[in-house]
K.L.:
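Structure provided below as structure tokens; questions to follow.
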Amino acid sequence: MSFAQEILDRVKAKDPAQPEFHQAVMEVVNSLELVLERHPEYRAQKVIERIIEPERVILFRVPWVDDQGEVQVNRGFRIEMNSAIGPYKGGLRFHPSVNLGILKFLAFEQVFKNSLTTLPMGGGKGGSDFDPKGKSDNEVMRFCQSFMAELFRHIGPNTDVPAGDIGVGAREIGYMFGMYKKLRNEFTGVLTGKGLNWGGSLIRPQATGYGSVYFAAEMLKTRGETLEGKTCLVSGSGNVAQYTIEKILHLGGIPVTISDSNGYIYDPEGINHDKLKYIMELKNIRRGRVSEYADKFKSATYTPADPKLSYNPLWNHKAHCAFPSATQNEINGKDANNLIKNGVYVVSEGANMPTTPEGVDIYLDEKILYGPGKAANAGGVSVSGLEMSQNSMRYGWTSEEVDNRLQIIMKSIHQNCYETAEKFGTPGNYVNGANIAGFLKVANAMIDLGVV
Ligand code: NDP
Ligand code: 2IT
């Protein structure tokens, strides 16, 4: 039996109810077989066995009172996965689907992603099964305050620095930061994604989406091409999707889709700056559904999500590029085949693990330009790292300065993945490149630091 299979069997036996975590571990250990052949020290030091075990898992009760005066109880989590190269760093997700396995997969991915950013950040993730959808601002505030009333004792600017993810944006970060500040009587950069007036960084809201498009542009550059004139499928309509669309437009591409969990919009005339402005107002201020877009713009069609379908029709339109920016496993094998059949040859993952293993195998067999999430969406956490630097300096950089640094980081991530894939005998395979390059830095640090 291969070492990868042995590890996977052990993880499955230990935590049978965590399929997303199994999936994330499987992908990484498959890539690492190439490294372990050349470097027996990692096996001797049991680095893989250590890296798949969180350093600490915090699980807590989050009680709060809704607008009707009823007591509600949610579950809060923080997975402190690895701190070999810096304080734990990673987002908080508020979504009813949140459970331990999903957060462990996200925390595990974050370790490798953060290592790729070139900045000194370990990996973590957290969140709650709380659903902010349909809740009043006051309910969201009371929930965030209760969540932080426990989390505050476990985090700190040199210990663990959470940020946003699905369901956690500027509003939630504000309520959580306010409570942290009150409890600790201290104004420090303990969260990133803060508002500009209270310690946030310019370009942080844009960073994940912009970064994912910069990564696609770098991949295209290896074939002497640009995004100019390319039709792009985008999923999601939240933070990552919105700024992915904005950067596609800056670079001359044509975005034609958006989605939410109820359905998707196809606008063959393209989503231009005015339509994007409408989407931002719809999603960020009115907190409405994407279906409304089709009432406003007659060129668009809305297709409700159909759970009986074995594929997602969003991925079945003629295009050149795809930017999955909603959630995990939103592209299965059938969807990947549809993408290829429709002419897509660039996939840059804004979301974390949006493609199933079957889908990834299809991309790799077809040798398309495929940027896996932990490389392509690292722009968000990179600018979070820059926000931490600015907070430490008590100084803020201009938009141009932050955006320049973001571009330099995305180029360097691309180059590192590209060169590492080549060095390990799989040229063009950014999956191996990202997993191996991300692993090496953390693994070497873990060996330097001893068995701790
Ligand atoms: P938002 O909450 O801003 O937006 C999420 C979007 O995805 C919404 O349109 C939401 O629709 C849709 N979505 C969420 N869950 C599902 C689901 N189960 N099925 C279908 N659609 C769904 O989150 P972000 O834009 O921040 O995050 C999107 C992805 O990007 C996530 O995978 C996240 O982990 C990843 N990411 C985010 C970063 C960041 O900086 N924010 C950094 C790196 C990665 P609905 O409104 O119906 O729920
Ligand atoms: O998945 C991610 O990288 C994020 N949600 C952002 C994490 C961060 O700390 O900015």
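Numbering of residues begins at 1 and proceeds along the displayed sequence. Just follow the structure's listing: the first ligand is 1, and inside any ligand the first atom is 1. Atom set for the values below is all heavy atoms of this structure, side chains included, hydrogens, waters and symmetry mates excluded.
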K.L.:
If you count the atoms of ligand 1 from 1 in the order shown, which ones are under 4.0 Å from a heavy atom of Asp165?
P.N.:
26 (O), 33 (C), 34 (O), 36 (N), 37 (C)
K.L.:
With heavy-atom distances below 4.0 Å as the criterion, list the atoms of ligand 2 near Gly90.
P.N.:
7 (C), 9 (O)
K.L.:
Starting from atom 18 (N) of ligand 1, locate the nearest protein heavy atom and write down its residue, its atom name and how far away it is, to 0.1 Å.
P.N.:
Thr327 CG2, 3.7 Å
K.L.:
Where is the tightest heavy-atom contact between Met410 and Ala375, given as atom of each residue plus distance?
P.N.:
CE-O, 3.5 Å
K.L.:
Could you list which atoms of ligand 1 come closer than 4.0 Å to a heavy atom of Gly167?
P.N.:
2 (O)
K.L.:
Measure the distance from atom 12 (C) of ligand 1 to every protein heavy atom, then report the residue, atom name and distance (to 0.1 Å) of the closest one.
P.N.:
Ala326 CB, 3.9 Å
K.L.:
Under 4.0 Å from any heavy atom of Ser261, which atoms of ligand 1 are there?
P.N.:
11 (O), 19 (N), 20 (C), 21 (N), 45 (P), 47 (O), 48 (O)
K.L.:
What protein heavy atom is closest to atom 23 (O) of ligand 1, reported as residue, atom name and distance in Å?
P.N.:
Ile166 CA, 3.4 Å
K.L.:
Numbering the atoms of ligand 2 from 1, which are under 4.0 Å from a heavy atom of Gly91?
P.N.:
7 (C)
K.L.:
Ring centroids only, cut at 6.0 angstrom: are Tyr175 and Phe147 within range, meaning strictly under it?
P.N.:
no
K.L.:
At under 4.0 Å between heavy atoms, is it the side chain or the backbone of Arg204 that contacts ligand 1, or both, or neither?
P.N.:
side chain
K.L.:
Please list, in number order, the atoms of ligand 2 under 4.0 Å from a heavy atom of Lys89.
P.N.:
8 (C), 9 (O)
K.L.:
Which of the numbered atoms in ligand 1 are under 4.0 angstrom from any heavy atom belonging to Arg93?
P.N.:
31 (C), 32 (O), 33 (C), 34 (O)
K.L.:
Based purely on interatomic distance, does Val161 place a nitrogen or oxygen under 3.5 Å from a nitrogen or oxygen of ligand 2?
P.N.:
no
K.L.:
Examine the proximity of ligand 2 to Glu109 and report which part, side chain or backbone, both or neither, has a heavy atom under 4.0 Å away.
P.N.:
neither
K.L.:
Which atom names give the shortest non-hydrogen contact between Leu276 and Ile271, and what distance separates them?
P.N.:
N-CG2, 4.0 Å
K.L.:
In terms of residue, atom name and distance, what is the protein heavy atom nearest to atom 46 (O) of ligand 1?
P.N.:
Arg289 NH1, 3.4 Å
K.L.:
Does a side-chain N-to-carboxylate-O contact under 4.0 Å join Lys135 and Asp66?
P.N.:
no
K.L.:
With a cut-off of 4.0 Å, which atoms of ligand 1 are near a heavy atom of His95?
P.N.:
15 (N)
K.L.:
Which atoms of ligand 2 have any heavy atom of Lys125 under 4.0 Å away?
P.N.:
1 (O), 2 (C), 4 (C), 5 (N)
K.L.:
Nearest non-hydrogen atom to atom 44 (C) of ligand 1 belongs to which of Gly380, Ser97, Gly288, Gly350?
P.N.:
Gly350
K.L.:
Do Lys113 and ligand 1 have an N or O pair less than 3.5 Å apart?
P.N.:
no
K.L.:
Given that the side chain starts at C-beta and the backbone is N, CA, C, O, which of these parts of Asn352 lies under 4.0 Å from ligand 2, counting heavy atoms, or is it both or neither?
P.N.:
side chain
K.L.:
At under 4.0 Å between heavy atoms, which part of Glu387 makes contact with ligand 2: side chain, backbone, both or neither?
P.N.:
neither
K.L.:
Against heavy atoms of Lys113, which atoms of ligand 2 measure under 4.0 Å?
P.N.:
1 (O), 2 (C), 3 (O)
K.L.:
Need the ligand 1 atom indices (1-based, order shown) with element for anything under 4.0 Å from a heavy-atom of Ser259.
P.N.:
9 (O)
K.L.:
By number and element, which atoms of ligand 2 are closer than 4.0 Å to a non-hydrogen atom of Gly164?
P.N.:
4 (C), 5 (N), 6 (C)
K.L.:
Just which atoms of ligand 1 are under 4.0 Å from any heavy atom in Ala351?
P.N.:
29 (C), 30 (O), 32 (O), 35 (C)
K.L.:
Please could you name the atoms of ligand 1 that Ser325 approaches to less than 4.0 Å, counting only its heavy atoms?
P.N.:
28 (C), 29 (C)
K.L.:
Could you tell me the residue and atom name of the protein heavy atom closest to atom 24 (P) of ligand 1, and the distance to it rounded to 0.1 Å?
P.N.:
Val240 CG2, 3.8 Å
